[in-house]
There are 2 protein chains.
Amino acid sequence: MVTPRKPPHTPDPTGFNVYARECPARMVLDRIGDKWALLVLDRLRRDTARFNVIRRDIGGISQKVLSQVLKNLERDGLVLRTVHATVPVAVTYSLTPLGETLTQAAASLIHWAESHMAQIQHAQRLYDDRLANASL
Amino acid sequence: MVTPRKPPHTPDPTGFNVYARECPARMVLDRIGDKWALLVLDRLRRDTARFNVIRRDIGGISQKVLSQVLKNLERDGLVLRTVHATVPVAVTYSLTPLGETLTQAAASLIHWAESHMAQIQHAQRLYDDRLANASL
DNA sequence: TTCACCTGGTTTCATATTGAAACCAGGTTT
DNA sequence: AAACCTGGTTTCAATATGAAACCAGGTGAA
């Protein structure tokens with residue numbers, strides 16, 4: 001018999017629960033729980049920017065991935081894509097109000113990564129050394 | 001000429017900057033900016049748990065991925081792996097103090113995903129309908 | 001006008017990463 | 001003995017990624 005287990009966390013009042021395999025919130029987490037999406041959202045938090053500006057600001061992102069990430073974020077209603085009828089045309093990306101509600105959380109994660117880097121590198125050295133010694 | 005651009009955000013006081021390609025903080029973001037890692041950390045926020053308990057609580061995670069994620073989190077000093085010398089042996093995973101400092105941010109992201117699901121699904125429907133109409 | 005480079009992408013392809021599933025050694029229960 | 005638990009590793013096919021080429025169109029200098 002499968003023992004009923006208490007749920008791992010209190011489901012959100014809206015009824016979604018990311019712990020459930022079939023929950024649509026999983027798809028959202030797939031999207032925003034992603035290195036590039038977090039960086040793009042955090043970049044747009046500062047200001048509206050054009051495609052190639054974002055690309056240059058986020059070192060190492062490829063055009064393909066950036067266009068995919070932006071397309072997905074636009075579909076999710078987090079980012080607004082605006083084509084300006086100038087000559088030549090310019091395309092800018094900005095956060096929607098919904099996107100702005102997300103960036104606080106995204107920024108926390110990024111800031112955490114930066115401010116705890118040293119501790120993590122230290123932990124990694126300890127771990128690797130222990131492994132090396134264990135295999136002697 | 002390459003116009004010097006103001007940096008996309010204020011670098012962290014520790015000197016790390018996730019926007020730089022070569023920054024070690026990128027490796028951290030690679031690790032924690034990941035759906036499964038976020039879910040595992042959030043699960044462990046509730047309490048210490050054994051391997052197969054975590055696996056069952058997080059619907060859909062494979063054994064391989066879970067063991068990889070846990071191994072990485074352990075190496076980063078975020079999760080503590082304890083082998084209990086019982087018969088049979090039990091292995092439990094818990095958050096380290098460092099890991100606990102991260103879970104607040106992780107939980108925010110997960111909670112955001114749950115509480116804004118409906119809005120995102122709505123945006124997706126609008127987007128898809130617009131696309132469908134445009135291609136008529 | 002031609003060369004070179006900008007724009008915002010898409011396509012191609014080789015190489016990771018992932019997920020599903022099998023497998024493993026050991027132990028417990030029936 | 002058969003079946004299931006433990007905590008994983010291995011295998012393999014499908015998928016995602018990154019680097020690079022390519023594209024159409026525009027700009028600016030020689």
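We name chains A, B, ... by the order of the sequence lines, and we start the count at 1 in each one. Only a predicted model underlies this, so the values are computations on that prediction, with no experimental measurement involved.
Shortest non-hydrogen contact noted between A:Gln63 and A:Phe51 is O-CZ, 3.9 Å.
Closest approach to the B:Asn52 side chain among C:dT28, C:dG19, D:dG7 is made by D:dG7 (side chain taken as heavy atoms from C-beta onward). The nucleotide whose nearest atom lies closest to any side-chain atom of B:Val91 is, among D:dT27, C:dT10, D:dG8, D:dG8. You'll find that the side chain of A:Val65 is closest to D:dG18, out of C:dG9, D:dG18, C:dG27.
Between atom CG of residue B:Leu38 and atom CZ of residue B:Arg31 there is a gap of 13.0 Å, rounded to the nearest 0.5 Å. Distance check, rounded to the nearest 0.5 Å: CD1 of A:Ile32 to CG of A:Leu41 gives 8.0 Å.
In this model, the phosphate group of D:dG7 is not approached by any side-chain N or O of B:Ser67 to a distance below 4.0 Å at OP1 or OP2. At C:dT18, none of the side-chain N or O atoms of B:Trp36 fall inside 4.0 Å of OP1 or OP2 (strictly under the cut-off). Distances shorter than 4.0 Å separate none of the side-chain N or O atoms of B:Arg55 from OP1 or OP2 on C:dG19. A close approach under 4.0 Å does occur between a side-chain nitrogen or oxygen of A:Arg50 and OP1 or OP2 of C:dG8. Put simply, B:Arg56 has no side-chain N or O that comes within less than 4.0 Å of OP1 or OP2 on D:dG7.
B:Arg45 and B:Asp42 are joined by a salt bridge, as a carboxylate oxygen and a charged side-chain nitrogen come within less than 4.0 angstrom of each other. Here B:Asp34 does not pair with A:Lys35 in a salt bridge; the nearest charged N to carboxylate O distance is not below 4.0 Å.
Distance B:His84 NE2 to D:dT6 P: 14 Å, rounded to the nearest Å. Taking atom CG on B:Leu70 and atom P on D:dT9, their separation rounds to 11 Å, with Å as the unit. Atom CG of A:Asn72 is separated from atom C1' of C:dG9 by 15 Å (rounded to the nearest Å). One can place CD1 of A:Ile61 at 13 Å from P of C:dG9, the figure rounded to the nearest angstrom. We find that NZ of B:Lys35 is positioned 10 Å from P of C:dT18, with the value rounded to whole Å. At whole-Å resolution of the value, CD in B:Gln68 and C1' in D:dT11 are 13 Å apart. Look at CG on A:Asp34: it is 19 Å from P on D:dT15, rounded to the nearest Å. Distance CD1 (B:Ile54) to P (D:dG7): 9 Å, rounded to an integer number of Å.
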Between the protein and nucleotides 21-25 of chain C, which nitrogen or oxygen pairs are less than 3.5 angstrom apart?
from, atom 1, to, atom 2, distance (Å)
C:dA22, N6, B:Gln63, OE1, 3.4

Donor-acceptor pairs under 3.5 Å, side chain of residues 98-105 of chain B to any protein atom, not counting sequence neighbours: which ones?
from, atom 1, to, atom 2, distance (Å)
B:Thr101, OG1, A:Trp112, NE1, 2.9
B:Thr101, OG1, B:Leu98, O, 2.6
B:Thr103, OG1, B:Glu100, O, 2.9

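Annotation: side chain of A:Ile54 is not in contact with side chain of A:Asp57 (no heavy-atom distance under 4.5 Å).
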